[in-house]
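Residue numbering restarts at 1 for every chain, and letters A, B, ... go by the order of the sequence lines.
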2 protein chains.
Amino acid sequence: MARTSGSHSEITGPRLRAAAQALFARHGYAAVSMRRIAAEVGVQAGALYNYIPDKQGLLFELMKSHLDELLAAWQTLPKGVGARDALEAFTRFHVRFHLDRPDAVFIAYMELRNLDPANFRAIEALRRRYETVLEDILRQGAAEGAFDVADSKHAAFAVIAMLTGVTTWYRDEGRLSRAEVEDLYWSMVRKAVSA
Amino acid sequence: MARTSGSHSEITGPRLRAAAQALFARHGYAAVSMRRIAAEVGVQAGALYNYIPDKQGLLFELMKSHLDELLAAWQTLPKGVGARDALEAFTRFHVRFHLDRPDAVFIAYMELRNLDPANFRAIEALRRRYETVLEDILRQGAAEGAFDVADSKHAAFAVIAMLTGVTTWYRDEGRLSRAEVEDLYWSMVRKAVSA
DNA sequence: GTCTATAGCGAGATAGAC
DNA sequence: GTCTATCTCGCTATAGAC
């Protein structure tokens, strides 16, 4: 089957998402034009609309697929039984997952304001599900007496904020290895919730 | 001294900064137009340029004055002598200061990407000075044996990220008082760096 | 599936009257 | 100091040829 010259459906879609993710993370959704994305992909702006409904739909798909992947990755992770082991697993998973996807993380946290109301609600629900994972671990550990956490929900917010902050300073060329970064955060999280 | 009708230099300037701060925090710098700010102030867009050189200068002034105020407020705070007391003072100060200025905080963290290179360097230097305050407290405490912190710099990043996260969930109408929120964060910070 | 061309709109910033 | 009017530019999104 001959294919029309200039037809690249299998590669333009992924390239579009990759270019948009990189540009949105670097400059912000509102500051990046469709023309700029198209130039990065190597097509004209109009051609992008074969793959997305509009710019807003592109942002939503990037954020939704990131959070879907985050939840799926956690659920398939082999875990121990006790709350302490679960907390260590969560801490190391969160640091590792976020360091592997700095652009997607940046967008998921910074571009909530630019979502349409309906899209915002969908993304917030996914984020809330992830926060609840940690909240449940902390609550279980507190019930077992392994942790001293008066307010599981707000403690979960605090821990997630601390862990996610790693993306603002970590660089692969830096002094610390990823394993050392995991250890550093696990040490602080373990003590912060300890009895 | 008669004043020209329609002349309001003393109030338009502050109103411009207040309107810009609220709108930038809510919708993002790139998504807010000068016309929208002018409408909020109650003047035409052209009149704004009597007070600012351009939109970029407006953003820079908002961010710089916020960080100047942050550093000045810390420096005039009465403090104890030991590292433990200094850490508690810093924690409570940071939470209180940030809860009082949610819009300014939001802009200072989210709009770095939209600063011109020279402006970015100036803002980053101020932020770095503030991080160093906490870093020095942690280093001193580690030297005294009061804290167990292997890496003062990255521990400071982690603590600041955790504390600043309070602005993402705290609401005045919520269940917790500000004093309770301060206590919650101080409890976690104290343990996280404890020996 | 991609192209060129463009409709339709709103942006930042300036000029000059009052 | 603020107004109206406007310059110039870039934006999202679509239409229709290939």
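- As rounded to whole Å, 14 Å separates atom C1' of D:dC11 from atom CG of A:L48.
- Summarising the geometry, atom CD belonging to B:E124 is positioned 8.5 Å from atom CE belonging to B:M63; distances are rounded to the nearest 0.5 Å.
- Rounded to an integer number of Å, the gap from B:L16 CG to D:dG1 C1' is 13 Å.
- In terms of the ring pair (Phe, Tyr, Trp, His ring centres under 6.0 Å) criterion, B:Y185 has no residue partners (sequence neighbours excluded).
- Dashed line: the shortest gap from a side-chain N or O of B:T12 to OP1 or OP2 of D:dG1 is not under 4.0 Å.
- Taking the six-membered ring where tryptophan is involved, the planes of A:F93 and A:F97 are tilted, since the angle between them lies from 30° to 60°.
- The phosphate of C:dT2 (OP1 or OP2) has no side-chain N or O of A:Q44 nearer than 4.0 angstrom.
- In this structure, B:W169 and A:F157 have tilted ring planes: the angle between them lies in the 30° to 60° band.
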* Structure fact -> Scoring nucleotides 12-18 of chain C by protein non-hydrogen atoms under 4.0 Å (B base, S sugar-phosphate only, - none) yields BBB----
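- Side-chain atoms of B:I107 and B:Q21, non-hydrogen and from C-beta on, do get closer than 4.5 Å to each other.
- Under the 6.0 Å distance and 45° angle rule, B:R127 counts as a cation-pi partner of B:Y109.
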